[in-house]
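The next block holds one structure in the form of structure tokens; read it before the comments.
Proteins come first, then strands; the chains are lettered A, B, ... in the order of their sequence lines, and each starts at number 1. These numbers were taken from a predicted model, which means no experiment stands behind them.
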Amino acid sequence: MISLRAVSSANGSFRLTDVTLDVPQGEYGVVVGPAGAGKTTLLETIAGVVPLTAGRIVLGGEDVTRTPPEARRLAIVYQHAYLFPHLSVRANVEYGATNAAVVDDLCDRFGVNGLFERSVESLSGGERQLVALARALAHRPEVLLLDEPFSALDPRTRNIARRVLRTLYYERRFTVLHVTHDFAEAGLLGDVAIVIDRGRVVQKGTPEHVFRKPATPYIADFLGAENVFAGHAQPIRSEAPDWVAGTGETMVQQAVAFTTGGLTFYALGDVVPGPAHAVIRAEEISISAEPSMSSVQNQFRGRIVEIVPAGALTKVTIDASGTPIVAAVTARSVRELGLETGREVVAGFKAMAVHLC
Amino acid sequence: METRPARRALVTIVAALLTSLFLLFILGPVVGLVASGGSRGFATFTSDHELRSSLLLTAATATIATLLGILGGTPLAYLLARRAFPGRSVIAALTDLPLVIPHPVAGIALLLVLGRGSTVGGALYQAGLRVAGSTTGIACAMLFVSAPLYVSAAREAFARVDVRLESVARTLGDDAWRAFARVTLPLSARGLTAAAVVMWARAVSEFGAVVILTYNPKVASVLSYDRFTSYGLDEALPVAAVLVVFALIPLVMLRALRVERRFG
């Protein structure tokens with residue numbers, strides 16, 4: 001378990017302010033945030049190599065606020081590996097190892113046993129990172145701190161590293177805090193997501209929750225939400241003519257009319273009347289040739305202004321009354337619907353797909 | 001269009017000329033000295049007992065001063081390189097102070113603190129340790145003027161070792177001392193050795209502070225000065241030439257270290 005309470009620290013120009021977070025025992029926490037947000041300082045503060053100025057840190061149920069790094073039973077892997085350049089690869093992995101069998105096993109798993117007698121200077125960036133992961137895990141940490149360990153790896157090496165790490169994580173169930181700027185990676189690996197900006201935790205929750213319901217427009221933008229609209233929110237009465245109240249969750253939340261530019265659409269939320277932001281993920285927006293008769297509350301006719309292939313999906317931008325709406329559809333849908341720039345289509349999304357913040 | 005290459009050639013010629021003059025200015029006197037007195041110095045080396053003793057004394061006191069500098073200067077250099085604390089820049093500036101004050105002035109300052117008439121010097125004398133006018137005085141003078149070079153170079157050597165290597169070692173189970181011994185020290189060893197060599201070379205060549213604190217027994221620089229003032233240039237030349245060659249030894253060692261670092 002990693003538990004921070006009102007932790008503040010400073011490392012040069014990087015500062016952490018009043019950070020409170022929890023990663024339950026044996027779970028995988030991911031920290032996302034822009035460059036310079038204080039992510040590495042957060043890990044180094046937990047590791048004890050950057051001193052606290054305030055707050056309390058508990059690891060595995062034990063208060064380690066005043067415990068030196070060597071007694072915290074953790075390991076850290078930095079983005080740049082930081083292998084000891086005066087030692088061989090084997091000596092690096094053995095550095096904090098509990099026993100030789102663990103070293104052999106880890107080197108075998110990470111595929112670095114063929115590099116044993118090489119100097120670290122002769123390794124590629126990917127090889128260094130694999131050795132750094134093996135070295136950290138050979139120490140058998142109860143808490144593993146990862147600082148963007150996969151960011152410099154080629155796709156093949158990244159897959160190997162992720163797979164081996166995930167297997168070891170399920171076998172040993174150590175607690176992980178993994179810093180990344182890649183939210184796809186966060187979603188793939190994490191149980192708990194923590195968004196940090198300018199040294200403060202700005203949102204935490206499951207990766208899906210953070211992804212679907214970013215707390216601020218800035219987080220939405222950072223997490224790659226394509227449709228972030230500034231506008232005006234107005235709670236509406238459930239008997240309003242355009243609104244058909246649903247059941248269950250829909251009934252609990254309040255219906256909101258959100259106006260941005262020339263559009264007004266419906267959302268569900270708990271907001272006070274006034275300026276707000278609406279976030280809609282591109283995957284939540286459908287495109288059709290004509291308005292559908294489904295339960296989709298929000299449907300807007302517009303003209304396609306841009307079609308951009310983006311991996312498995314294609315992003316289609318529709319100009320609806322001067323407001324650009326980005327939808328992500330499959331290449332097959334693009335073909336079947338005959339989507340092309342200039343064509344008039346209908347963009348639709350459910351009220352529940354709109355997140356207000 | 002043609003003026004630019006011509007101007008470039010002119011600049012090159014002027015730069016080459018200035019560099020040659022500069023090198024001549026540095027090397028001329030040294031080469032002249034060795035050429036004039038070198039052969040006689042080495043020829044009389046076996047028979048000139050005073051010269052041999054002074055060289056041995058110089059080497060021994062410079063070595064003691066260097067060892068003391070390493071003992072006291074290494075922790076200070078590490079602190080200055082690694083830790084942020086109030087007054088760090090003031091301490092760094094104070095450490096460099098002996099480099100900028102004239103060395104005879106440094107000798108006078110030392111004499112004031114360590115002379116028999118001073119509180120500290122008097123107490124040491126009472127305890128049986130005479131500083132001024134003794135081998136201890138020579139080592140003290142050498143330490144005072146050359147230790148800043150060691151601290152400064154050692155600080156650079158420590159600063160070149162990424163602090164995150166120490167952090168990794170700490171998280172892998174090393175306490176601060178063990179991380180220093182297993183990571184920082186091996187990685188800064190060459191820089192620390194070079195720093196010690198520079199300090200030793202500087203101590204060997206020290207004259208101003210030593211001559212104030214301890215004229216006798218004579219280190220090589222004082223002997224060369226003594227022979228010059230007592231017997232003239234002709235007698236001073238062999239001593240001076242041998243001292244130059246003596247001082248070349250650490251410089252050659254230093255170059256060897258750097259070459260090894262580049263190609264090793």
Between A:Ala132 and chain B, which part of the residue has a heavy atom less than 4.5 Å away: side chain, backbone, both or neither?
-> neither

Name the region of A:Tyr78, side chain, backbone, both or neither, that has any atom closer than 4.5 Å to a heavy atom of chain B.
-> side chain

Heavy atoms from other residues, nucleotides or ligands near CZ of A:Arg158 exceed 12 (cutoff 6.0 Å) | yes

Of the non-hydrogen atoms in A:His86 and B:Pro186, which two are nearest, and what is the gap between them?
-> CD2-CB, 3.6 Å

Would you mind reporting whether A:His80 and B:Asp162 have side-chain heavy atoms less than 4.5 Å apart?
-> no

What part of A:Thr98 is in contact with chain B, defined as an atom under 4.5 angstrom from a non-hydrogen atom: side chain, backbone, both or neither?
-> neither

Whatever's closer than 4.5 Å to a heavy atom in chain B on A:Leu83 counts as backbone

On the ring face of A:Tyr95, is B:Arg182 found with NZ or CZ under 6.0 Å from the centre and within 45° of the axis?
-> yes

Bottom line for B:Ala84: the part with an atom under 4.5 Å from chain A's heavy atoms is neither

Structural part of A:Arg73 lying under 4.5 Å from a heavy atom of chain B = neither

Check whether any side-chain heavy atom of A:Pro85 lies under 4.5 Å from a side-chain heavy atom of B:Leu165, and answer yes or no.
-> yes

Which bit of B:Asp174 is near chain A, if near means a heavy-atom gap under 4.5 Å: side chain, backbone, both or neither?
-> both

